[in-house]
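Quantities reported herein were computed from a predicted structural model and do not represent experimental measurements.
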Amino acid sequence: MTVHAAHSCLFWIMETLVLIKLVLATPWLILLSVCDVRKRELPNGLTLGGAAVMAVAALAVSLDYLLGSLLTAFLASLFLLLPFFLRAAGAGDVKMLFAAGLTAGPGNTLNLILLVSVAGLILAAVMMLLKRVDPARLKHFLRCLFDFRYDRAEGRKKLPSRDAESCRVPFGVAIAAGLWCNLLIQLLCMG
């Protein structure tokens with residue numbers, strides 16, 4: 001087998017792998033998004049189950065591919081670690097982003113984080129426009145940054161609770177959209 005033929009074969013395998021991931025991940029991402037929108041929770045069975053399935057699929061490719069996917073998953077989940085500790089993101093979001101990193105595969109950490117961030121920004125903006133989320137915390141944060149006359153302590157007293165439903169954005173939807181776009185871009189860049 002020539003080098004060109006081997007390269008073509010490997011390229012076809014990787015393209016097929018991304019297509020299979022896209023097809024398998026789509027119903028999983030839809031189910032997770034529906035759970036997050038309806039109940040504001042991401043069940044462990046779905047997040048960790050998806051991570052396990054993708055880890056087995058990555059191992060089926062090779063041990064190096066699995067290790068690269070695990071590195072991507074770990075780095076992607078670090079993105080939500082600070083918001084998790086600040087109670088701005090839930091544990092389900094962190095686990096889902098870990099599973100998304102495994103699904104995206106090696107070398108896709110920054111692309112995945114960027115796409116998830118853009119999807120989250122769009123989702124939050126749409127929810128604010130539709131009055132589905134209270135922008136009070138965002139307004140308070142922006143006033144703290146830009147208005148030196150603003151009484152931060154008094155403003156903090158008027159904020160709704162962090163746990164209030166009106167303050168919570170279903171970030172699982174943004175993770176799902178970001179991962180789906182990441183897989184689609186991978187597929188289109190190969191073709």
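Rounding to the nearest 0.5 Å places CE of Met96 at 12.0 Å from CG of Leu48. Atom SG in Cys181 sits 10.5 Å away from atom CG in Leu112 (nearest 0.5 Å). Between the CG atom of Asp36 and the CG atom of Leu31 there is a distance of 11.0 Å, given to the nearest 0.5 Å. Between the CG atom of Leu188 and the CD atom of Glu15 there is a distance of 10.0 Å, given to the nearest 0.5 Å. Going from atom CZ of Phe84 over to atom CG of Leu78 covers 13.0 Å, rounded to the nearest 0.5 Å. To the nearest 0.5 Å, atoms CG (Leu75) and CD1 (Ile113) are separated by 7.0 Å.
Legend: side-chain hydrogen bond (donor to acceptor under 3.5 Å, both in side chains) pairs involving residues 42-55, not counting sequence neighbours, sorted by first then second residue: Asn44-Lys95.
Nearest heavy-atom pair, Pro43 versus Cys35, reported as atom, atom and distance to 0.1 Å: CD-CB, 4.1 Å. Heavy atoms only, all atoms of each residue included: Pro106 and Ser69 are closest at CD-OG, 3.3 Å. Taking every heavy atom of both residues into account, Ala174 and Ala119 meet most closely at O-CB, 3.5 Å. Closest approach of Leu42 to Gly172, counting heavy atoms only: CD1-CA, 4.2 Å.
For the side-chain hydrogen bond (donor to acceptor under 3.5 Å, both in side chains) test, no residue two or more places apart in sequence or in another chain qualifies with Trp28.
There is a path of hydrophobic side-chain contacts, each under 4.5 Å, that joins Met14 to Leu22. A single hydrophobic cluster is not seen to contain both Ile20 and Trp180; linkage of ILVMFWY side chains at heavy-atom distances under 4.5 Å, directly or through other members, places them apart. Grouping the Ile, Leu, Val, Met, Phe, Trp and Tyr side chains by contacts below 4.5 angstrom, directly or via other members, places Leu179 with Phe74. Following chains of ILVMFWY side-chain contacts shorter than 4.5 Å, one cannot reach Phe79 starting from Phe98, and the two form parts of different hydrophobic clusters. Note on Val61: it does not cluster hydrophobically with Leu67, by side-chain heavy-atom contacts below 4.5 Å among ILVMFWY residues.
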| request: Could you walk me through whether Phe171 and Val116 pass side chain to side chain contact (heavy atoms under 4.5 Å, CB included), step by step? | output: CA-CA 9 Å; Phe171 200 66; Val116 167; 3.6 Å; yes

| Test side chain to side chain contact (heavy atoms under 4.5 Å, CB included) applied to Leu80 and Ile175, step by step | CA-CA 11 Å; Leu80 281 180; Ile175 296 169; 4.2 Å; yes

| request: Take Ile185 and Leu115 through the side chain to side chain contact (heavy atoms under 4.5 Å, CB included) test and state the conclusion after the steps. | output: CA-CA 10 Å; Ile185 289 169; Leu115 291 167; 4.0 Å; yes

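For Leu110, the CG atom counts as loosely surrounded, since its 6.0 Å shell holds 12 or fewer non-hydrogen atoms of other residues, nucleotides or ligands.
Of the possible donor and acceptor atoms, none in the side chain of Asn182 sits under 3.5 Å from a partner among the backbone N and O of Ala104.
For the pair Thr72 and Leu102, the minimum side-chain heavy-atom distance is 4.5 Å or more. Between Pro170 and Arg40, some side-chain heavy-atom pair lies under the 4.5 Å cut-off.
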